[in-house]
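As the structure is a prediction and not an experimental result, all values here were calculated from the model.
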Amino acid sequence: AYSIDDGLDCLALDGAAKLRWRTQLPADAFPPAVDGDDVFIAFGRGKILRLAAADGRQAASIETGLALAQPPVIDGDQL
């Protein structure tokens, strides 16, 4: 992932450094956390997305109802 003027550009590369997928995220997106086949992206407004690492498709989302101040952290089997 890297920052661009309008937000965060999230890239997934394979072992040969070939682009697998790419998605642009809004400015309040934090850098992603990767856990196996899942990519977790949190937003300052309180939303957390789970994307499939293989193709970047959204697998789940949750609205926490609270503003978030930092990116997601993986601790064992907990986010």
Side-chain angles (χ1 to χ4, degrees):
Y2 62 92
S3 293
I4 56 174
D5 290 340
D6 297 330
L8 187 73
D9 210 11
C10 188
L11 308 173
L13 306 175
D14 65 15
K18 292 179 100 179
L19 183 65
R20 293 177 79 181
W21 55 268
R22 175 183 188 170
T23 188
Q24 188 173 356
L25 301 167
D28 71 331
F30 291 107
V34 179
D35 183 35
D37 294 333
D38 297 312
V39 177
F40 295 94
I41 302 171
F43 299 85
R45 64 183 177 273
K47 184 175 187 173
I48 300 173
L49 292 179
R50 180 170 53 105
L51 306 178
D55 58 15
R57 291 186 190 176
Q58 182 176 321
S61 72
I62 187 170
E63 295 282 348
T64 67
L66 302 169
L68 301 175
Q70 63 185 29
V73 175
I74 308 295
D75 183 17
D77 63 351
Q78 296 186 357
L79 177 65

Applying side-chain contact (heavy atoms from CB on, under 4.5 Å), can you list everything that pairs with Leu13, at least two apart in sequence or on another chain? Leu19
State which residues pass side-chain contact (heavy atoms from CB on, under 4.5 Å) with Asp14; sequence neighbours excluded, sorted by chain then number. Ala16, Lys18, Arg20
What residue pairs, at least two apart or across chains, pass side-chain hydrogen bond (donor to acceptor under 3.5 Å, both in side chains) with a residue in residues 45-54? Asp28-Arg45, Asp38-Arg50
With sequence neighbours excluded, give me every side-chain hydrogen bond (donor to acceptor under 3.5 Å, both in side chains) pair touching residues 68-77. none
Is there a donor-acceptor pair under 3.5 Å between the side chain of Thr64 and the backbone N or O of Gly46? yes
Examine distances only and state if a side-chain atom of Trp21 and a backbone atom of Cys10 form a donor-acceptor pair shorter than 3.5 Å. no
Side chain to side chain donor-acceptor pair (under 3.5 Å) involving Asp37 - partner list, sequence neighbours excluded: none
Salt bridge (Lys or Arg N to Asp or Glu O under 4.0 Å) involving Asp35 - partner list, sequence neighbours excluded: none
With Asp55 via salt bridge (Lys or Arg N to Asp or Glu O under 4.0 Å) - residues at least two apart: Arg57
Tell me the closest heavy-atom pair linking [X] and [Y], and the distance in Å.
| X | Y | answer |
| --- | --- | --- |
| Ala53 | Ala12 | O-CB, 4.5 Å |
| Asp9 | Thr23 | OD1-O, 3.4 Å |
| Arg22 | Leu11 | CG-CD2, 3.2 Å |

Going by side-chain heavy atoms closer than 4.5 Å, which hydrophobic residues are tied to Ile48, directly or by a chain of links? Phe30, Phe40, Ile62, Leu68, Ile74, Leu79
